[in-house]
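Inspection log for the structure reproduced underneath, given as structure tokens.
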Amino acid sequence: MDLTAGIASVREEFARRLQSLQEGDAERLRIDFLGRKGLVAALFAQLGQLPKDDRPQAGSLLNALKQELEEQLGATRTGAAAPDSAGGAAVDVTLPGDPVPVGAIHPVNLVLGQIKDIFNRLGFSVYYGPEVETDFYNFGALNFQDDHPARDMQDTFYTGDNLTLRTHTSNVQIHAMENLKPPIRIIAPGRVFRNESISARSHCQFHQVEGLVIDRNVSMAELKGTLAHFVREFFGADVKSRFRASYFPFTEPSAELDIYWGLESEADYRITKGTGWLEILGCGMVHPNVLKAGGIDPHKWTGYAFGMGIERTSMLKWGVEDIRHFFDGDLRFLRQFRS
Ligand code: PHE
């Protein structure tokens, strides 16, 4: 047989097979052409029948063919010369794709977003302060006496000499007074830490939103009105709430705001300590000593402040019966807040 014609037909046949190559068939093609018993090997076998003088030239033609086919195959495998879509690998672009798991916003952030929205509409801006704090900002400037029990090691995490993890966001009140000029109207969200034993209703870390308003002639009535508005916006118009007189070193007078949670189950009993009411925030008129510590003249300015627990608030909003859910990272819990 004429070797040149053989080479031409093998080359043609290879091109045809390559054209209609299906995914995963490249190896079959290689074996058929370049394998030990393949078509190229069969051509090489014919070399012996040629006249001795013709063999070198025919040999180099065959080598060239072999190299050419190897290169084309290699290119197919790396995808550089993928078969065209008409006859090529079948990809059905109309099939739905594999679902990509989408995350959910953490409930703490979700609630924080809603709280920010409500206060933004009332003209509050958002202000941030540090989580690691000196005794001055966390306690001293807030009118805590040196022997106040909150300073006790049992409540406060100390990270170094005179440094604490803040036990509340009230530290931001002082930073805001130092850095902003009154009138001041801010909320300050963030993480706080307390050395408490962990239970269904308390944790060693949680989140608060502080509020601070300083202006001329700010009154307790304004504080109550603002918070009552917040509660209706956040929980709905028919929520039951109450103000209760309280004490904080940094406000005078002071109050706490409770929301009615209910007393229907054993869990309700544990969460509300048997009262049915759950406290969500502390508040009051900023103590003159605190204004002074923040560099503001209490004869010219008055103010109110409040601090609410975000987890507490979320528990009420969604009926979450255990604060620990917020920190466990259990996806079955977190996925329920996908909106
Ligand atoms: N810092 C207080 C707490 O953590 C809450 C509070 C803030 C009370 C501002 C009054 C005014 O309990």
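Counting convention: from 1, in listed order, for ligands and their atoms alike. For clarity, every value in this text was computed on a predicted model and none was experimentally measured. Numbers here simply count residues along the sequence, with the first being 1.
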Is it true that Ser170 and Glu210 share a donor-acceptor pair across their side chains at a distance under 3.5 Å?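 The criterion, which ignores hydrogens and geometry beyond distance, is satisfied for Ser170 and Glu210.
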
Kindly write out the residues that satisfy salt bridge (charged side-chain N to carboxylate O under 4.0 Å, His left out) with Asp135, not counting sequence neighbours, or none if the list is empty.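 Partners of Asp135 by the salt bridge (charged side-chain N to carboxylate O under 4.0 Å, His left out) criterion, ordered by chain and then number, come out as Arg151.
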
Tell me, please, which residues at least two apart from Asp32 pass salt bridge (charged side-chain N to carboxylate O under 4.0 Å, His left out).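 For Asp32 the salt bridge (charged side-chain N to carboxylate O under 4.0 Å, His left out) partners, ignoring immediate neighbours, are Arg17, Arg28.
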
Applying the side chain to side chain donor-acceptor pair (under 3.5 Å) criterion to Glu311, which one of Gln205, His207, His203 satisfies it?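 Running side chain to side chain donor-acceptor pair (under 3.5 Å) over Gln205, His207, His203 with Glu311 returns exactly one hit, His207.
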
Atom pairs, nitrogen or oxygen, ligand 1 to protein, under 3.5 angstrom:
unit_1   : atom_1 : unit_2 : atom_2 : d
ligand 1 : 1 (N)  : His168 : ND1    : 3.1
ligand 1 : 1 (N)  : Ser170 : OG     : 2.9
ligand 1 : 4 (O)  : Arg194 : NH2    : 2.8
ligand 1 : 4 (O)  : Gln208 : NE2    : 3.0

Plane angle bin for His168 and Phe139 - parallel if under 30°, tilted between 30 and 60°, otherwise perpendicular: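 Judged by the thresholds at 30° and 60°, the geometry between Phe139 and His168 is tilted.
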
What pairs meet the side-chain hydrogen bond (donor to acceptor under 3.5 Å, both in side chains) rule with one or both residues in residues 227-239, with sequence neighbours excluded?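 Found Arg121-Glu233.
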
